[in-house]
*Asks:* 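Have a look at this one before I ask anything.
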2 protein chains.
Amino acid sequence: MPQKPIICTIDVVLLCLQGSALHVALLKRDKPPFEGGYALPGGFIHPEEDADTLDAAARMLNEKTGIASPYLEQLCTFSGAARDPRGWSISIVYYALVPAELIKPDRAPGLQLQPVDQLRTLPFDHKEIVLAAVERVRSKSSYSSLPVYLCGEQFTLPRLQAVYEAILGEPINKVSFRRKMDELDMLEPVEGALEAGRANRPAQLYRLKNQYRNRLSLSGRAMTANSDH
Amino acid sequence: MPQKPIICTIDVVLLCLQGSALHVALLKRDKPPFEGGYALPGGFIHPEEDADTLDAAARMLNEKTGIASPYLEQLCTFSGAARDPRGWSISIVYYALVPAELIKPDRAPGLQLQPVDQLRTLPFDHKEIVLAAVERVRSKSSYSSLPVYLCGEQFTLPRLQAVYEAILGEPINKVSFRRKMDELDMLEPVEGALEAGRANRPAQLYRLKNQYRNRLSLSGRAMTANSDH
DNA sequence: TTACTTAGTTGCACTATGCTCCTAAGTGTT
DNA sequence: AACACTTAGGAGCATAGTGCAACTAAGTAA
């Protein structure tokens, strides 16, 4: 006995760092419900051969925002009668981390960045979803290398440390931080490349080692290194 | 533009410990596809007011196995065209941990326990799902109090340590283990209750503190204590 | 009473973490 | 050219956390 049709959607929580505050990308809705309101990029699921919802999320995100996120992982699935005025629904939610420079507002009409720590009420249960994603990112950041995906392709250790501190909301000891990064063994120095342009000793530029670049997380299992060993 | 109907199911990975091996509960299927095969307890989603898929999973599990699991948490959602011969489908998967004594085969016809480390091929993508659940449980066990849900209501610390060791697959230092349990601050001794019947010093019985008993995890967020503080 | 077994604890060695201070390497100023 | 200033990066030590071994505690069996 197959069920009657269920509203099945995908939503993506796209996060980036502006200044020292995590921001979430919201899109102006051009259809009811909540037409004109700002909500998470998302859409109905269209079953396709050879594609699961991870592929669908990546494609949907790219179509709606022009962004191909190197890190995309399933958060969890939200369901219930109250979350969508059209009736009982489920939404499979993914979250993505990108460097802020990758978000070009001209490329995506109606795109807006909001700081996650002063989030206004959002359509559907999207505020709750964003907060769940942020909690996940903060939690994973405390023992893994997740935050590197918020930096550009090349970055200095002081910059990366500032990113960690922004996410975790507390200062980190410089020496311990560098030791930890060394243990994780995910970064490699870019030969002869130093950060220029400032009136002090330039910092070494680093990048993700090849095996960690441009990976999408499969089936909710993370591909970031963590500090177990 | 609403989508055409999608096959939406819920599946539950019910785990318990027999001897020192994690086992998963499988049910004999009485309908095609895979009629007669053993698969995860699951079923179609029937949208209902005031219930999300966590409630649905708890109710479905109870109906099919007679078990009301105190720990039930969302694992993740699996999707794709290959996982179900009837076509593209999604399954929202939960996992549950129960003491083995709670599983009474007479209460649930067709129920069978299989050790997760020598799992034969299962219908659909259920083997992959079980392995993902086991990986999650092992990973969470290394920093949280998850394994207490595999014990009965009262248990000794040596017993609980054996449970941890069975899950993690490696011996744990006795003193460190007790220190950690003490830090987590989830257990309380049962006044004057000792484990009897063996030819040696009896061990103190413990139980979960009240605030941790009989909770279902909300929206994928765990309610177990972990070692951060 | 003695041997045996497992529970539970105490103290110490070792490992990991955090902190302070030092040196390095650039720019800007005099 | 010399010096002040700033931030990068690292060395050495103090402190905290973890693991180990040896001990005491409390029961049964002979």
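Each chain gets a letter, A, B and so on, in the order the sequences are listed, and its residues count up from 1. Remember, predicted model here, so these are calculated numbers, not experimental data.
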*Asks:* For C:dA7, does the base pair up with any side-chain atom of B:Arg201 as donor and acceptor (N or O, under 3.5 Å, distance only)?
*Replies:* yes
*Asks:* Which residue in the set B:Asp55, B:Asp52, B:Thr53 passes side-chain hydrogen bond (donor to acceptor under 3.5 Å, both in side chains) when paired with A:Ser79?
*Replies:* B:Thr53
*Asks:* For B:Asn200 and C:dA7, is the shortest distance between a side-chain N/O and OP1 or OP2 below 4.0 Å?
*Replies:* no
*Asks:* Could you state the CZ-P distance from A:Arg178 to C:dG18, rounded to the nearest angstrom?
*Replies:* 15 Å
*Asks:* To the side chain of B:Ser176, which of D:dG19, C:dT6, D:dA8 is closest?
*Replies:* D:dG19
*Asks:* I'd like to know if the side chain of B:Gln114 reaches the main chain of B:Leu119, judged simply by a donor and an acceptor atom lying under 3.5 Å from each other, with no hydrogens or angles considered.
*Replies:* no
*Asks:* Does D:dT18 have OP1 or OP2 under 4.0 Å away from a side-chain N or O of B:Lys180?
*Replies:* yes
*Asks:* Picking from D:dT7, D:dG10, D:dG19, which would you name as closest to the side chain of B:Asn173?
*Replies:* D:dG19
*Asks:* By nearest nucleotide on DNA chain C, pick out whichever of A:Val175 and B:Tyr206 is the more 5' one.
*Replies:* B:Tyr206
*Asks:* Please give, in whole Å, the distance from D:dG19 P to B:Met181 CE?
*Replies:* 13 Å
*Asks:* Heavy-atom distance under 4.5 Å between the side chains of A:Leu14 and A:Val24, does that happen here?
*Replies:* no
*Asks:* Give the nucleotide from the list D:dA26, C:dG8, D:dC20 with an atom nearest to the side chain of B:Pro202.
*Replies:* D:dA26
*Asks:* Rounded to whole angstrom units, what separation is found between the NZ atom of B:Lys174 and the C1' atom of D:dG19?
*Replies:* 13 Å
*Asks:* Roughly, in whole Å, what's the span from CD in A:Gln204 to P in C:dA24?
*Replies:* 18 Å
*Asks:* Could you state the CG-C1' distance from B:Asp182 to D:dT18, rounded to the nearest angstrom?
*Replies:* 15 Å
*Asks:* So, OP1 or OP2 of D:dG17: does either fall under 4.0 Å of a side-chain N or O from B:Arg179?
*Replies:* no
*Asks:* Could you check whether B:Tyr206 and B:Phe155 have their ring centres less than 6.0 Å apart?
*Replies:* no
*Asks:* Can you spot which of B:Val13, B:Val137, B:Leu72 makes a side-chain contact (heavy atoms from CB on, under 4.5 Å) with B:Leu97?
*Replies:* B:Val137
*Asks:* For the side chain of B:Leu157, starting at C-beta, report the closest nucleotide among C:dT6, C:dG8, C:dG26.
*Replies:* C:dG8
*Asks:* From C:dG8, D:dT7, D:dA29, pick the nucleotide closest to the side chain of B:Ala199?
*Replies:* D:dA29
*Asks:* Kindly point out which of D:dG9, D:dC20, D:dT18 is positioned nearest to the side chain of A:Ala203?
*Replies:* D:dG9
*Asks:* May I have the distance from A:Arg159 (atom CZ) to D:dA8 (atom P), rounded to whole angstrom?
*Replies:* 12 Å
*Asks:* Whole angstroms only, please: what is the CZ-P distance between B:Phe177 and D:dC20?
*Replies:* 15 Å
*Asks:* Specify the separation, in whole Å, of atom CD of B:Gln161 and atom P of D:dG19.
*Replies:* 11 Å
